[in-house]
Colleague: 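I have a structure here, written as C-alpha cells, and I will follow up with some questions on it.
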Amino acid sequence: MFSYYFKLGVRSLRRNPALTALMVLTLAVGVAASISTLTILNMMSGDPIPEKSDRLFVPHVDNGPLEGWVPSDGPNDDQLSYPDTINLLKSGQGERRTAMYGVEVPIEPPRSDIPAFNATGLAPTRDFFAMFNVPFLHGQAWTEGDDARGADVVVLGRATAEKLFGDANPVGKQLRMLGAPFTVVGVTDTWAPVPRYYKLIGGRFSNGEEFFIPFASAIRHEIGHSGSMNCSANRDPGWANLLISECTWLQFWFETRSAADRADLQNWLDSYASEQRKLGRLKRNAPNKLYNVMEWMEQLKVVGKDSKLSAWLAFGFLILCLVNTVGLLLAKFSVRATEVGIRRALGASRSDIFRQFLIESSVIGLVGGVLGLVLAFGALGLIGMQSKGMAMVARMDWQMLMLTFIMSVTAAIVAGLLPTWRACQVTPAIQLKSQ
C-alpha cells in the first residue's frame, strides 16, 4: 500500500514541476542553512582532543598589579610571566609540560627564486607535539637537548616546507631566520583538528602555523610576541624588561597521567602561588585556577554569543521556509478537490486520502533533504576554501547526515499536516455535483 501511495505522490508531483521545484528548493535552502550552521557551531564548540582533553590543563596565576584591584574582582589578569613560565617548566609536575607563544619572523628561503617573507609560527617546548598529537610528515620534534640550549632548529608546516623545498624531504637542510641559519628537523603533516583547535591560545593555536621553533631559541633571539600584550602603561616595553617583568603574555599547558591528578596539580599550584607571594612577586591574593581544554575554550569564548545567535537565526530561517512550504502545499492540494471527491466516491476513506497526501509531502521532504545536503556540502566547502583549508565537509559525519534527512522529511510532514487535513474535509457529493 505504501508503494502505491508513493507512486501516486511522485506522479502528482510531476504534474506541476514548477510548483514542486519551488517547494523542494524552499525546504532545501532552509535545511542547508540549518545544517551548515550546526556543523560550524559543532566544530567550534566540540571537544578538539577528546582522548585527553580532561588531562590537559592551563594554569592561571594572577600576577597583575595590586593597584585598583579588590578581592571581589577575582582573578582578572590572564597573563603568565616569564619567571612563572620557567618555574612551571622546572616544576616536574604532570606527565608533560609545555610553554609557548606566537611569533612572527622573516624567513630567507634557500632558493634564489623566492624572496624573503614574514611567517607566523609558534615557539613551544618539545612536549607540545606529543601533548597535542601533532602528526609528522618527515622527521620529528627537536630533542630535549635542543630545548635546553635553545638550538637553532625548526619544524616546518607542510605548506611552508613545500613552498621552500618543493616535494623533497627537507630534514637536515637549512634556511635563514632572523639572519641566523636554522636546521630543519621535521615537517608536520596537515593537522586534521585545525578548526577545533582554533583560538586555544588566544586565536593562534594551530590556526595554520607555518613553523615551530624552540621556546628557548625564541627567547635567545629576543623574538617578541606576534600578538598584543596586556602591559600596564608604566611598564617599559623593552625586550629585557618584558622578560623579567609580569608583562609578557605566555601560554602554558600541563598534561597529567589521569584526570584524577587534577586535585594534586591544583594543590601544588596553590602552594607555588603562596610561596611567590611570600617572595613578593605576586601581589594579589586571588584564587589560582586550572582550566582543562573545554573550560579554556569557554574562558576564551571560542564560541561567542554571535555564533550561538546565528544558530537560532538559522532555525528561524528554517521555520520561515516551512511556513512558505505550507502555503505552497495548500495551494497545490486545494486545486485537487475534484480528485479527492472522486476517490472518496469510489470508496477511499479519509485515512486513505490522509496517507496519500502525507506520503506526497514526505516525498517532497526527501528530495528537499538530498538537495539540502548538496547545498550544505557546497556551502561548507566554500567556507573551507576561505579558511586556510578547514576540512568542514569532512566533519559532517553520519549523525549529521541522518539529521539532515530527518529534519527535511519531518519538516515536510509538519508542513503538509494542515493542507492534508484540509484535503480530507472535501465532501464527495458537492464535488461530484459541481462536476
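Position 1 is the first residue of the sequence, and the numbers go up from there.
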Colleague: Quick one: pull up CG in Leu282 and OG in Ser81 and give me the separation to the nearest 0.5 Å.
Modeller: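 OG of Ser81 is found 7.5 Å from CG of Leu282.
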
Colleague: For Glu95 and Thr256, run side-chain contact (heavy atoms from CB on, under 4.5 Å): C-alpha distance rounded to whole Å, both residues' side-chain angles, the deciding distance at 0.1 Å, then the answer.
Modeller: CA-CA 5 Å; Glu95 186 176 18; Thr256 60; over 6 Å; no

Colleague: What I'd like to find out is whether the side chain of Trp296 reaches to under 4.5 Å of the side chain of Leu56, using heavy atoms alone.
Modeller: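 SC-SC contact between Trp296 and Leu56 ruled out.
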
Colleague: Where do Thr85 and Phe215 land on the side-chain contact (heavy atoms from CB on, under 4.5 Å) test, with the steps shown first?
Modeller: CA-CA 11 Å; Thr85 300; Phe215 178 81; 4.0 Å; yes

Colleague: What is the minimum heavy-atom distance between Ala32 and Gly372, and which atoms define it?
Modeller: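 Closest approach of Ala32 to Gly372, heavy atoms only: CB-O, 3.4 Å.
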
Colleague: Is there a side chain to side chain donor-acceptor pair (under 3.5 Å) between Glu51 and Asn133 once you walk through the steps?
Modeller: CA-CA 10 Å; Glu51 65 272 19; Asn133 300 338; 2.6 Å; yes

Colleague: Flag the pair Arg111 / Leu164 as yes when at least one side-chain heavy-atom distance between them is below 4.5 Å, and no otherwise.
Modeller: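 Heavy-atom side-chain distance check fails, nothing below 4.5 Å.
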
Colleague: Say whether, by atom type as modelled, one donor and one acceptor occur between the side chain of Ser274 and the main chain of Asp270 under 3.5 angstrom.
Modeller: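 Side chain of Ser274 to backbone of Asp270, a donor-acceptor pair under 3.5 Å: no, none is there.
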
Colleague: Would you mind reporting whether Val155 and Phe211 have side-chain heavy atoms less than 4.5 Å apart?
Modeller: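 Answer no - side chains too far apart.
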
Colleague: More than 12 non-hydrogen atoms from neighbouring residues, nucleotides or ligands closer than 6.0 Å to CG on Asp167, yes or no?
Modeller: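 For Asp167, atom CG is not crowded (no more than 12 foreign heavy atoms under 6.0 Å).
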
Colleague: Hey, are the side chains of Leu80 and His60 touching, using non-hydrogen atoms and a 4.5 Å cut-off?
Modeller: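 No, every pair of side-chain atoms sits at 4.5 Å or beyond.
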
Colleague: Considering non-hydrogen atoms only, spot the tightest contact between Val103 and Ala123 and give its length.
Modeller: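 Result for this residue pair: CG1-CB, 4.1 Å.
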
Colleague: Considering residues at least two apart in sequence or located in another chain, which fulfil the side-chain hydrogen bond (donor to acceptor under 3.5 Å, both in side chains) criterion with Arg96?
Modeller: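 Partners of Arg96 by the side-chain hydrogen bond (donor to acceptor under 3.5 Å, both in side chains) criterion, ordered by chain and then number, come out as Glu255.
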
Colleague: When the ring planes of Phe128 and Phe212 are compared, do they come out parallel, tilted or perpendicular, using 30° and 60° as the limits?
Modeller: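 Tilted.
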
Colleague: Check step by step if side chain to side chain donor-acceptor pair (under 3.5 Å) holds for Asp54 and Asn292.
Modeller: CA-CA 6 Å; Asp54 59 347; Asn292 63 27; over 6 Å; no

Colleague: For Arg55 and Ser258, which heavy atoms make the closest approach, and how far apart are they?
Modeller: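 That would be CD-CA, 3.6 Å.
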
Colleague: Identify the heavy atoms of Gln174 and Pro110 that sit nearest to each other, and give their distance.
Modeller: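 Residues Gln174 and Pro110, closest heavy atoms: O-CB, 4.0 Å.
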
Colleague: Report the C-alpha separation of Phe136 and Phe129 in whole Å, then their side-chain angles, then the decisive distance to 0.1 Å, and conclude whether the ring pair (Phe, Tyr, Trp, His ring centres under 6.0 Å) test is met.
Modeller: CA-CA 9 Å; Phe136 276 83; Phe129 299 98; 5.5 Å; yes

Colleague: At their closest point, which heavy atom of Tyr272 faces which heavy atom of Pro83, and how far apart are they?
Modeller: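 Answer, listing the atom of Tyr272 first, then Pro83: OH-O, 4.4 Å.
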
Colleague: Judged by atom type as modelled, is there a donor-acceptor pair below 3.5 Å linking the side chain of Lys173 to the main-chain atoms of Val184?
Modeller: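 Pair absent, no side-chain N/O of Lys173 close to backbone of Val184.
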
Colleague: In Å, rounded to the nearest 0.5 Å, how long is the span from CG of Asp264 to CZ of Arg257?
Modeller: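 If we round to the nearest 0.5 Å, Asp264:CG and Arg257:CZ are 12.5 Å apart.
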
Colleague: Within the 4.5 Å heavy-atom criterion, are Val171 and Val185 side-chain neighbours or not?
Modeller: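 With C-beta onward as the side chain, the pair stays apart.
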
Colleague: Hey, are the side chains of Gln93 and Leu88 touching, using non-hydrogen atoms and a 4.5 Å cut-off?
Modeller: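 Side chain of Gln93 against side chain of Leu88, heavy atoms only: no contact under 4.5 Å found.
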
Colleague: So Asn87 and Tyr82, side-chain contact (heavy atoms from CB on, under 4.5 Å) or not? Walk me through it.
Modeller: CA-CA 9 Å; Asn87 290 337; Tyr82 180 76; over 6 Å; no

Colleague: Regarding Glu295 and Arg262, does a basic nitrogen lie under 4.0 Å from an acidic carboxylate oxygen?
Modeller: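 A salt bridge links Glu295 with Arg262.
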
Colleague: Does Lys163 make a cation-pi contact with Phe117, if we ask for NZ or CZ under 6.0 Å from the ring centre and within 45° of the axis?
Modeller: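 Ring-cation test returns yes.
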
Colleague: Spell out, as yes or no, whether a donor-acceptor pair under 3.5 Å connects the side chain of Thr26 to the backbone of Leu22.
Modeller: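 It does hold such a pair.
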
Colleague: Salt bridge or not between Asp84 and Arg281? Use side-chain N to carboxylate O under 4.0 Å.
Modeller: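 Yes.
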
Colleague: Would you say the side-chain atoms of Glu210 pair up with the backbone N or O of Ala161, donor to acceptor, closer than 3.5 Å?
Modeller: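 No, the answer is negative, given that no donor and acceptor are paired below the 3.5 Å cut-off.
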
Colleague: What I'd like to find out is whether the side chain of Leu137 reaches to under 4.5 Å of the side chain of Thr188, using heavy atoms alone.
Modeller: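 Of all side-chain heavy-atom pairs linking Thr188 with Leu137, none is under 4.5 Å.
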
Colleague: Minimum heavy-atom separation for Val61 to Ala273, with atom names?
Modeller: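 For Val61 versus Ala273, the nearest heavy atoms are CG1-CB, 4.4 Å.
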
Colleague: I'd like to check Arg97 versus Phe252 (side-chain heavy atoms, cut-off strictly below 4.5 Å). Are they in contact?
Modeller: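 SC-SC contact between Arg97 and Phe252 confirmed.
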
Colleague: Only one of Leu175, Leu156, Asn118, Ile114 clears side-chain contact (heavy atoms from CB on, under 4.5 Å) with Ile107; which?
Modeller: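 Result: among Leu175, Leu156, Asn118, Ile114, Leu175 is the only option passing the side-chain contact (heavy atoms from CB on, under 4.5 Å) with Ile107.
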
Colleague: Any chance you could measure Ile364, atom CD1, to Met23, atom CE, to the nearest 0.5 Å?
Modeller: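 That separation rounds to 3.5 Å.
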
Colleague: Compile the donor-acceptor pairs under 3.5 Å between side chains in residues 147-154 and protein atoms, sequence neighbours left out, one pair per line.
Modeller:
residue, atom, partner, partner atom, Å
Asp147, OD1, Trp142, NE1, 3.0
Asp147, OD2, Arg126, N, 2.6
Arg149, NH1, Gly145, O, 3.3
Arg149, NH2, Asp146, OD1, 2.8
Asp152, OD1, Ser217, OG, 3.3
Asp152, OD1, Arg220, NH2, 2.5
Asp152, OD1, His221, NE2, 2.8
Asp152, OD2, Arg220, NH2, 3.4

Colleague: To the nearest 0.5 Å, tell me how far Phe57 CZ sits from Trp253 CH2.
Modeller: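 Going from CZ on Phe57 over to CH2 on Trp253, the span is 10.0 Å.
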
Colleague: Report the C-alpha separation of Leu265 and Leu290 in whole Å, then their side-chain angles, then the decisive distance to 0.1 Å, and conclude whether the side-chain contact (heavy atoms from CB on, under 4.5 Å) test is met.
Modeller: CA-CA 8 Å; Leu265 184 58; Leu290 284 176; 3.7 Å; yes

Colleague: For Asp127 and Thr98, indicate whether the former's side chain and the latter's backbone hold a donor-acceptor pair under 3.5 Å.
Modeller: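 No; zero donor-acceptor contacts below 3.5 Å.
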
